[in-house]
Amino acid sequence: MLLLDCPWCGPRSEEEFACGGEGHIARPLNSENMDDAAWGDYVFMRSNHKGVYFERWRHGLGCGRWFNIARSTISHEILAIYHVGDAKPELPE
Amino acid sequence: MRAQINRLAQGGRIDRSEHLNFRFDGEAMRGHPGDTLASALLANGVQLIGRSFKYHRPRGLMAAGGEEPNGLVRLRTGGRAEPNVRATEVALYDGLVAESQNRWPSLRFDLGAVNDRLSPLFPAGFYYKTFMWPGNMWPAYEAVIRRMAGLGRAATAADPDRYEKQYAHCDVLVVGGGPAGLAAARMAGRTGARVILADEGAEFGGALLGNDQEIDGAPGMDWVGAMAAELANSDNVRLLPRTTVAGYYDHNALTMLERVADHGPAPEPHQPRQRLWQVRAKQVVLATGALERPLVLANNDRPGVMLAGAVRGYVNRHAVRPGRRAVVFTNNDSAYGTALDLAKAGIDVAALVDLRAETPLGWVAALDDAGIEIMAGRVVSAVEGRRAVEAVRVGKLNDTGTGLVGGLGRRLDCDLLCLSGGWTPSLHLLSQSGAKLLWDEGLGCFLPGRAQQAVRVAGAANGAFSLGDCLALGAEAGNRAANDAGHRRRGRGPRHAMAGEEPALTPPLPIWKIPGDDAGKAFVDFQSDVTAADLELAAREGYRSIEHVKRYTTTGMGTDQGRTSNINALGIVARALDVPIPQVGHTMFRPPFSPVTFGALAGRRIGPLLDPVRRTPMHGWHQDNGAAFELVGQWHRPYYFPRAGEDKDQAVDREVLAARTSVAIMDATTLGKIDIQGADAAEFLNRIYINGWKGLAVSGCRYGLMLGEDGMVFDDGVTARLGPEHFHMTTTTGGAAHVLDWLESWCQTEWPELQVYCTSSTEQWAVAAICGPMARPLLAELAPDWDLSAEAFPHMTWQDGAVAGLAARVFRIGFTGELSFEINVPAGHGMALWNALMTAGQKYAITPFGTEAMHVLRAEVGFIMVGQETDGTVSPQDLGLGRMVSGKKDFLGKRSLSRAHSLRTDRPQLVGLLPQDTNLRLPEGAQLIGGADPSPPQLAMGHVTSSYRSPNLGRTFALALLHGGHERHGETIYVAFDGQAVRAEVTAPRFLDPGARAK
Amino acid sequence: MSQARHEPLAHLALRAPISAASDDAAADDATVTGDASGVAGVTMAALPYRPSLILRGESDDAAFLQGCRGALGFDLPVAPNHGAMSDGIAALWLGPSEWLVLGRGCGKRLAETLAGCRHALVTNGDGQQVIALSGPRGGDVLAKLCPLDLAGGALGPGRCTRSVLAGIAMTLWIRPGGVYHIHVGRSFADYAWRILADAGLEYGMAAVAMVDVVAMADADPVVDVE
Amino acid sequence: MANYSIFTLARNALRRHRDWPQAWRSPKPRPSYDAIIVGGGGHGLATAYYLAKRYGMHDIAVLEKGWIGGGNTGRNTTIVRSNYLNPESAAIYDHALKLWEGLSQELNFNVMFSPRGVINLAHDPGEERELMRRIYANQLAGVDAEWVTPTQLAELCPILNLDPNIRYPVVGGTLQRRAGVARHDAVAWGYARGADKQGVDIIQNCEVTGFDIQAGRIEGMRTSLGDIRAPLVGVVAAGHSSVLAAMAGIRLPLESHPLQALVSEPIKPVMPTVIMSNKVHAYMSQSDKGELVIGAGIDGYTSYAQRGSLPVIEETIRAVVELFPITSRLKMMRQWAGIVDICPDASPIISDTPIGGLYFNCGWGTGGFKATPGSGHLFAHTLAKREPHPINAPFALERFYSGALVAEHGAAAVAH
Ligand SMILES: Cc1cc2nc3c(=O)[nH]c(=O)nc-3n(C[C@H](O)[C@H](O)[C@H](O)COP(=O)(O)OP(=O)(O)OC[C@H]3O[C@@H](n4cnc5c(N)ncnc54)[C@H](O)[C@@H]3O)c2cc1C
Ligand SMILES: NC(=O)c1ccc[n+]([C@@H]2O[C@H](COP(=O)([O-])OP(=O)(O)OC[C@H]3O[C@@H](n4cnc5c(N)ncnc54)[C@H](O)[C@@H]3O)[C@@H](O)[C@H]2O)c1
Ligand SMILES: Cc1cc2nc3c(=O)[nH]c(=O)nc-3n(C[C@H](O)[C@H](O)[C@H](O)COP(=O)(O)O)c2cc1C
Ligand SMILES: [Zn+2]
C-alpha cells in the first residue's frame with residue numbers, strides 16, 4: 001500500500017489516489033495529418049519501463065489534483081513528485 | 001474426567017486455584033488459567049494429537065508457539081468451528097471443545113495410516129508420474145485424492161462473530177515483546193514518539209516466559225512486568241498483546257491481527273472476535289526473536305519428540321511435564337539450559353547428546369552437578385516406538401559427520417526426546433519488506449541484509465542470542481528508530497546486569513541430516529510429510545532450484561509455511577547438490593507471517609454493508625409503491641412498478657402505453673450531472689464531444705457523444721448551455737464518475753490553458769421526467785406562470801421557474817421520443833416535486849415507470865443505450881450517428897475514426913430487426929447468421945443488442961449490430977440461439993417516428 | 001416556496017435524542033445502542049440541511065481572493081487542508097482551486113463580488129449530508145473506516161480534507177472538542193450512517209438526529225437555484 | 001529416459017527411488033542455435049516442445065532468467081476455459097482446450113487437467129445479458145456453454161450464497177463443463193521434460209540482456225551467461241515483454257501490473273467446481289491438496305515487483321466471504337502476485353516485429369495459463385513457417401495501428 005506525498009495535501013494513503021499510467025505523453029496536435037502508425041503509437045504504445053518510471057497520479061479522493069511522480073517499478077520507491085507540466089527531473093536510474 | 005497426571009506440583013505461570021473444563025475428541029479434561037490447549041493436553045497426558053497430512057502418521061506436539069506443525073485441531077463447534085488451529089496458540093477457557101483432524105474413524109485407529117505402509121509408492125511428486133491411464137480417468141482418481149488430503153473440516157454454518165478493521169499510524173512500531181522488543185519500545189516511548197508494541201502472545205516477555213533467566217538479580221519476568229507497566233502508563237504507547245504482525249507491505253504499511261476475544265468461549269455483545277490493524281509506521285523495529293529447528297533424523301516425528309526450547313517452556317511456564325525420562329539432543333548450546341531445567345523440575349534426563357565433539361565449557365559443570373551425562377560427538381541415530389517414543393539409540397558420529405562409527409549405538413529408554421538443531425532468526429517480515437537475507441556460516445543461519453524500508457532488526461532476530469545483547473541492542477534500536485522518526489529527545493534507560501555471565505557461545509555444528517536408522521523416515525517438513533529422502537529425490541530428478549524443490553515436494557507449503565523446516569530443507573538440498581547454502585538460497589517469504597482469518601480481512605464491509613446502495617430522494621416512495629429494483633452501478637433504480645397481479649411484462653406494457661398515450665413519470669435523478677464553467681467551456685466541450693458546441697444558444701440543449709482516443713463511444717448525454725460560459729452536462733448513470741475523471745484529466749494535464757472548471761452536481765439535483773401527450777397540461781397546472789407552448793418552450797431548450805412552488809429548472813428533452821419535460825429541483829425538494837406531480841397527475845392516470853419501460857420507449861425510436869448498443873468497440877458511424885461527427889474541429893478520438901479498420905464498410909452497424917414471429921422476443925445477445933442452419937461452428941454476422949415487446953407496435957422488435965448493416969435494410973437474416981435459428985427482417989433502427997411526438 | 005425539505009436520512013425516522021440501549025439487533029435503522037454498560041463512547045448526529053456551495057477559482061488570483069474576502073468577511077484559506085470561519089460562514093479548502101463554502105447568503109454575495117474574475121460557483125447543499133461524530137471514541141470510529149492520520153499533527157481542529165470513508169468519498173471537517181463533521185453525498189448518506197453506526201457499536205453508540213449542534217446551521221430550508 | 005507410469009513407479013519403489021533420471025538436463029548454453037525461445041514459462045516451454053516435436057527443429061534453446069515456471073505460470077489460479085466472446089478468441093482458446101484434453105498423455109506427465117466445470121456468475125440483468133451474449137456466441141462457435149439457474153447452482157456448488165436478498169444476489173451464471181483447472185507447475189515441468197527429450201536445451205539462470213540486431217535482422221543476443229547467436233528468436237516473457245522489446249528498440253501496447261492470488265489453509269473438499277464473479281470480483285477453486293485457491297485483482301500501477309498491495313486482497317476476501325459465507329473462519333495461508341502483461345483489448349499478441357527473425361508472444365495478461373498448449377503450438381508454427389497460423393493471424397501487432405482489435409474485456413475482465 002503506497003504512501004504518496006501529494007504536492008498539496010502531504011502524505012496520504014494510496015486509497016485516496018488513482019494512477020493514470022505513463023506520464024509525459026503529449027497528445028499530438030495535428031492528428032489529422034498523422035499516419036495510422038504514428039497515431040497507434042500515441043494511443044496504445046507505452047514504454048512500460050522497468051526501473052524509474054515517470055507516471056501520472058491523481059489525488060482523486062483528496063484535492064482532486066493530477067501530478068507527476070517518478071517511481072521505481074522494481075522497489076516502488078518514489079524518487080520525485082512534481083507538478084503536471086514540469087520537466088522530468090534528472091534522476092539516477 | 002482425566003487427571004492432570006503430568007502437571008508439576010509447583011511453579012509455572014498458571015493459576016492452580018481455578019479449574020477450566022475442556023474436551024478433546026469428546027473426552028473431558030481440566031486445566032488452569034495460564035494454560036494453552038497444548039499445555040493442558042500435555043498436563044493430561046495426551047501425547048497423540050493429530051495425524052499427518054499424507055501418511056496419516058501419529059503426531060504429537062513439537063513446539064509451543066506459532067511454529068507448531070503437528071498440533072492442529074478443529075476448535076469450537078457449529079458456526080464457530082474453525083479447522084487447523086494450532087493447539088499451542090489457543091488459550092484455554094472453560095468449556096473449550098476441540099477435536100483432532102484428518103483421521104477416520106478415530107485418532108487412534110486411522111484407516112488413512114495405510115498410506116504410511118504404501119509410502120514407497122508415494123515419493124515426492126509421484127502423482128505427476130501416474131494416474132494417466134486410462135486417459136480420461138484422472139477426475140476419478142482425483143476425487144479419491146481430494147478426500148484423503150485437506151486436513152480439517154470447515155464450518156458448515158454462518159459465522160456469528162464480528163470482525164473489525166482499524167487503521168493506525170505511529171512513529172515506531174515494535175514487533176515482538178520479548179526482551180529486545182520491550183527494551184526497544186521503552187526507549188522509543190521515552191522520546192515521546194508514538195509507539196505501538198505488538199506481540200503474538202497473551203503476555204509480554206518472549207523467551208523469558210519460558211526460561212528462568214535473571215535480570216538485575218531478579219527473575220526476568222519481574223523486569224518484564226515493570227516494563228509492561230511503564231509502557232501501559234505512557235499515553236504515547238499502544239500495547240497490543242495477542243496481536244500478530246502478519247504482513248509487511250510497501251512504504252511501511254503493516255497488518256496486524258489482534259485476537260480480541262479468542263481466549264474466551266465467545267465475544268461479548270458488540271465485541272469483535274478479531275481486529276485487523278492496518279498500520280502505517282514511520283519506523284519499524286523487528287524484535288521477533290528466533291525459532292528453534294528440529295534435527296532431521298529417522299522417525300523424528302514420533303509423539304514425544306519435541307523442540308528443546310518448547311519443552312523448557314512447558315516446564316517453566318506451564319508447569320507441565322512433557323515426559324518422565326528425557327534425552328536431549330542438540331547441535332548448539334541452548335539445549336543445555338533445557339536439560340538443567342528438566343532436572344530441576346524433577347524430570348529424569350537420561351543424557352544430553354551433543355553432536356559436537358567439543359562441548360561448551362560454561363555449561364558442562366552445571367550439568368555435571370545435576371548429574372546429567374553429556375554424550376559428545378554422538379547423535380541420536382534411531383527413535384523407537386510408534387505412537388510414542390519408547391527409546392532412542394545414541395551412536396558415535398564419524399569425523400566427517402556423514403556416518404556412524406559402530407552402528408546405531410547405545411539404547412536409552414526414554415519417553416521424551418528434546419531436539420535443538422540451532423536457531424533461525426525470525427526474519428519473515430524483514431524479507432517481506434524487501435530486504436535480502438544473508439547466510440552467516442558461523443551462526444548457521446540467515447541474518448538481515450540491508451534494509452529496503454525504514455526498518456531495523458533487534459535481538460535474537462538479528463543474531464543476538466544472549467540476553468544481555470538483546471536488551472542492549474533492543475534499547476539502541478528503539479532509540480534510533482524514534483530519532484529517525486523525528487523524535488530527537490534521547491531515551492534514557494539503565495544498563496542491565498545479567499545474572500552471572502551468560503556462558504560464551506560455542507558455535508553450533510550444522511549436520512542437516514543425522515546419520516542413523518535408514519529404514520525410518522527422517523522428516524523435514526512435518527506438516528506436509530516431506531522427508532529428507534524426498535528432497536534428495538527432487539534434487540536427483542533435476543529439480544535443482546530450491547523453489548522447484550519446494551513445489552515438487554511441497555516442503556514449506558503447509559499452514560506453518562515451513563517455519564521450522566525451511567532451513568533444514570535448504571541444508572539438505574545444498575548437500576544433495578553439493579553446493580554452498582547461499583548458492584541455493586531460501587524460498588520466498590510471503591505474507592502472512594501467520595494465517596489470517598478471512599473474516600478479519602473482510603471486516604465489517606460485508607453482508608448489508610458490502611457496498612452502498614445509492615438512494616435518490618424519491619427512493620422511499622419507490623419502495624413504498626412496490627417498485628422492483630434494478631442495480632445500476634451502486635444505485636437501485638426502479639425497474640418497473642408492478643400492480644397487484646401483474647407480472648413484469650404486463651407492468652412494462654402498461655407503463656410504456658401510458659408514456660405514449662397519457663403521461664408517465666420517471667425518477668431520472670441518477671443521471672450524472674457535471675457543472676462546467678469558464679471562459680473556454682464551449683471550446684472544452686468541442687474537444688470532448690464529437691459534435692460542435694460553440695454555436696449552441698444559451699437556453700439550448702444538445703445531445704453529445706464522447707469517444708475514447710481509440711474512437712469508440714464511451715458515454716453520451718444531453719448538455720445544456722446555461723450561460724455563455726456555463727454548461728450543465730448529463731452523463732449516463734453508470735458513467736458519471738468516469739466522465740468527470742476524464743474531463744478533469746484533460747483540463748488539468750493536457751489543456752491547462754483552457755479556463756474551465758468541472759464540478760459534479762449529480763447529488764444536488766432531483767430529477768423527475770414526465771413524458772407523454774399529457775405531460776404539458778400536467779406541468780402547466782403546476783407551473784401556471786409558464787408558457788409551455790412549443791413556440792415559447794421549444795424542444796431541446798431549458799427554462800428556470802417555479803414548479804409546484806419549488807424553484808426548478810426544466811429541460812425540454814427526453815429519452816423516450818415523447819413530449820417530455822425533465823424537471824430538476826434541489827434534491828431536498830425532490831420528494832415534494834414528485835408528490836405534487838403524482839397528485840396533479842391523477843386525473844391523467846399518471847403512471848410511474850422504471851428503467852425497463854424506458855428502455856422499450858427509447859428503443860422504439862431508435863435511441864442507443866451506452867453499454868447495450870455499445871460495448872467499447874462501436875464507433876459513431878457504426879451507430880448511424882456519423883453525421884454528428886464534426887469535420888471542422890479535432891476532438892478526442894477523432895483520428896481513430898479514419899484508421900483502416902474504422903473505415904471498413906463491413907463493420908457491425910446498428911440496425912433494427914423485426915422477427916418473423918411477431919410474438920417472439922429475440923434473446924438479447926443472440927447471434928445473427930445468414931442461413932437457417934445454426935449448427936456450429938460458424939461465424940456470426942452480428943448480435944442482438946436490445947430486444948423488447950412493444951405494445952405500441954403490437955409486436956416484438958429488436959436492435960442489433962449487423963456486419964455492413966447500414967446497407968442491408970430489407971434483407972432477411974436469421975437469429976441463432978439455443979440451437980435454433982429464426983427469421984427476422986433487417987430494418988432501420990427506428991420503429992416509431994419521434995419527430996412530431998417529441999416536438 | 002414553502003414546501004418542506006426532505007432530509008436525506010428522513011427515512012431512518014431518527015428521533016432526537018435517543019437514549020442508549022444495549023440491544024443486539026443494533027444496526028437496525030433508527031437505533032441506537034450502548035456498549036454493555038449502556039454508556040455511549042461515541043455520539044452520532046445527522047445535521048440538518050445548511051446552504052453550501054462549491055467555489056472554484058485560483059489561489060494566486062489576487063482579484064479573486066479579494067472578491068472572496070468581500071463576500072465572506074475573512075480571507076479564503078489558501079493553505080491546503082485549512083478551514084476558516086466567522087459569523088456563521090465557513091470556507092474549507094478542498095483543493096488548490098476548490099473550496100466548500102457553508103452558510104447562508106454566500107452564493108449571492110460571492111456572485112456579486114466575483115463578477116469580474118475567473119471563478120465558478122456551484123450550489124451543493126442539497127446534495128450533502130453532514131454527520132457529526134463526537135465523544136471519546138469518535139476518532140476510533142473514524143479510524144475504522146478512513147485511512148487518515150488524525151493524530152499525526154497535520155489534521156487538527158479547524159482542518160479539513162476530502163478522503164475516503166468505507167470506500168465512499170467524504171469531506172472531513174475537524175471541529176474543536178473532538179467533533180468530526182463528515183460530509184457525504186446525499187445518495188450515500190444512508191450507507192454512511194449505517195456503517196458509522198455499526199463501527200460505533202463496539203464502543204456504545206448514541207445517535208441523535210437533526211440536532212442543531214452548530215450555531216451556523218440554518219433551519220430555513222429555502223435556497224435559490226444558483 | 002524413463003517412462004512414467006504406475007509400473008515404473010512400483011519398480012523404482014523397490015529401488016528406493018534411487019534411479020530416476022533427471023526430468024530435464026541443466027546444460028550449459030552453446031554458442032549458437034537455430035532458434036532461441038526467451039522465457040521459460042509454460043508458453044515458452046510449450047513453444048520449444050512443439051517446435052521440436054511438430055516442426056522438427058531440435059537445435060533450439062529456451063533461456064530462462066530464473067527457474068522455469070517461476071513466472072506467471074507458477075503463480076496463477078490455473079483456470080482453463082475457452083468461452084470467450086469473439087470468434088477469434090474462442091478459436092484460439094478452444095484450440096488450447098482441445099490440447100489440454102490429451103496433454104498428460106502427450107507429455108507422459110500428469111498435468112492433472114481437471115474438467116470440473118467453470119461457472120461465471122451474473123448478479124444483475126446487465127451481467128445476465130452480457131453472459132447470455134457470450135453463451136450464444138460460444139454455441140455458434142462450437143464452444144460448450146450453458147446457462148445455469150440459481151437452483152442448478154445450488155447443486156453444483158452447495159456453499160454458494162444464493163440468498164436473493166443479499167447486496168448482489170446471484171441471478172444465474174454460465175457453465176462451461178469442459179473447463180476446469182490444471183496443475184500449473186506440472187505444465188512447465190511436463191513441457192520441459194518433453195522438450196528436453198527432443199534435444200532442446202533448457203537453460204535456467206540465463207537472463208537475456210540485449211539483442212544483436214544487424215541490418216534490421218536479429219543475429220543473436222547477450223545473456224548473463226555470454227553471447228548466443230540465433231537467426232530466429234521468439235520472446236515469450238509475459239510481464240517482462242516490454243523490457244525485452246525495449247532491448248530491440250520496440251514499444252508494445254502493454255502495461256505490466258501485479259495480479260494477486262492467495263490460498264487458504266487446506267481443508268476437506270467443499271468446492272467441487274470453479275466459480276468466478278466479476279461483480280464482486282473473486283474467483284475460487286479448491287486444489288487437490290485442499291487449499292482454496294483464490295484470485296484477486298490487479299494493482300492500479302505498473303510494477304515489476306511480484307508483490308501486491310493489501311487492499312486488493314481485502315476486496316477479494318470480502319467478495320469471497322459474501323459469496324461463500326462458510327469461509328469466514330478459514331484463514332489466508334499465503335498471498336503472492338505475478339506481473340501480468342495487460343493489453344488494451346484484453347487479447348494476446350502473437351506477432352512478428354519490425355526486426356526480421358524476432359517474434360513476440362505476449363499480452364496474455366490475466367488469463368493466459370489456459371492458452372499455454374495452444375499458444376505454444378501456434379507460436380511454434382509461426383516461428384517455424386515464419387508466418388502466422390490462421391488461428392493466430394488476427395492477433396498480430398498490426399491491429400493496434402489498423403484498429404482491428406479483438407476486444408475481450410467482458411469475457412476476460414480481470415478474470416480467467
Ligand atoms: C495471480 C495470477 C492468476 C492468474 N490466473 C489465471 C487463470 O486462472 N487462468 C489463466 O488462464 N491465466 C491466469 N493467469 C495468467 C497466466 O498466469 C499467464 O498468462 C501465463 O501463465 C503466462 O505464461 P507465460 O509462459 O507466457 O509467462 P511466464 O510464466 O511468466 O513466463 C515468462 C518467463 O520469461 C522469463 N523472462 C523474463 N524476462 C527474461 C529475460 N530477459 N531473459 C530470460 N527470461 C526472461 C521469466 O522469468 C518467466 O519465467 C494468472 C496470472 C496471475 C499472476
Ligand atoms: N541460547 C540461544 O542460543 C538463544 C537463541 C535464541 C534466543 N535466545 C534467547 O531468547 C531471547 C531473545 O530475545 P528477543 O527479544 O530477541 O526474542 P524473543 O523470542 O524473546 O521475543 C520475540 C517475541 O516476538 C514475538 N513475535 C515474533 N513474531 C511476531 C510477529 N510477527 N508478530 C507479533 N509478535 C511476534 C514472539 O511472540 C515473542 O514474544 C533472549 O533471551 C535470548 O537469550 C537464546
Ligand atoms: C494454484 C496454486 C496453489 C498454491 N498452493 C499453495 C499451498 O498449498 N501452499 C503454499 O504455501 N503456497 C501455495 N501456492 C503459492 C506458492 O507457494 C507461491 O507463493 C507462488 O507459486 C508464487 O511464488 P512466490 O511466492 O515464491 O513468489 C500456490 C500457488 C498456486 C498458483
Ligand atoms: Zn492532494
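Keep in mind the model is a prediction, meaning the values are calculated, not measured. A note on names: the letters A, B, ... follow the listed sequences, proteins ahead of strands, and every chain is numbered from 1.
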Check B:D890 with A:R27, please: is the shortest side-chain N to carboxylate O separation under 4.0 Å?
yes
At a 4.5 Å cut-off on heavy atoms, which part of B:L892 comes close to chain A: side chain, backbone, both, or neither?
both
Non-hydrogen atoms of chain B under 4.5 Å away: do they reach the side chain of A:W66, the backbone, both or neither?
both
Grab the two heavy atoms, one from A:G64 and one from B:Q748, that are nearest each other, plus how far apart they are.
O-NE2, 2.9 Å
Segment of A:S75 engaging chain B (4.5 angstrom heavy-atom cut-off):
backbone
Minimum heavy-atom separation for B:R280 to A:E14, with atom names?
NH2-N, 4.5 Å
If we define contacts as heavy-atom pairs under 4.5 Å, which of B:A253, B:S896, B:G708, B:A900 has the most with chain A?
B:S896
Is there any residue in residues 749-757 of chain B with a non-hydrogen atom under 4.5 Å from a non-hydrogen atom of chain A, and which ones are they?
B:T749, B:E750
Ranking B:Q278, B:Q453, B:E744 by heavy-atom pairs under 4.5 Å to chain A gives rank one to B:E744
Atom of A:D36, atom of B:R895 and distance for their closest heavy-atom approach:
OD1-NH2, 2.7 Å
Please state whether the side chain, the backbone, both or neither of A:R65 comes within less than 4.5 Å of a heavy atom of chain B.
both
With no hydrogens and no angle check, is any side-chain donor or acceptor of B:H251 less than 3.5 Å from a backbone partner on A:I78?
no
With a 4.5 angstrom heavy-atom cut-off, is it the side chain or the backbone of A:F44 that approaches chain B, or both, or neither?
side chain
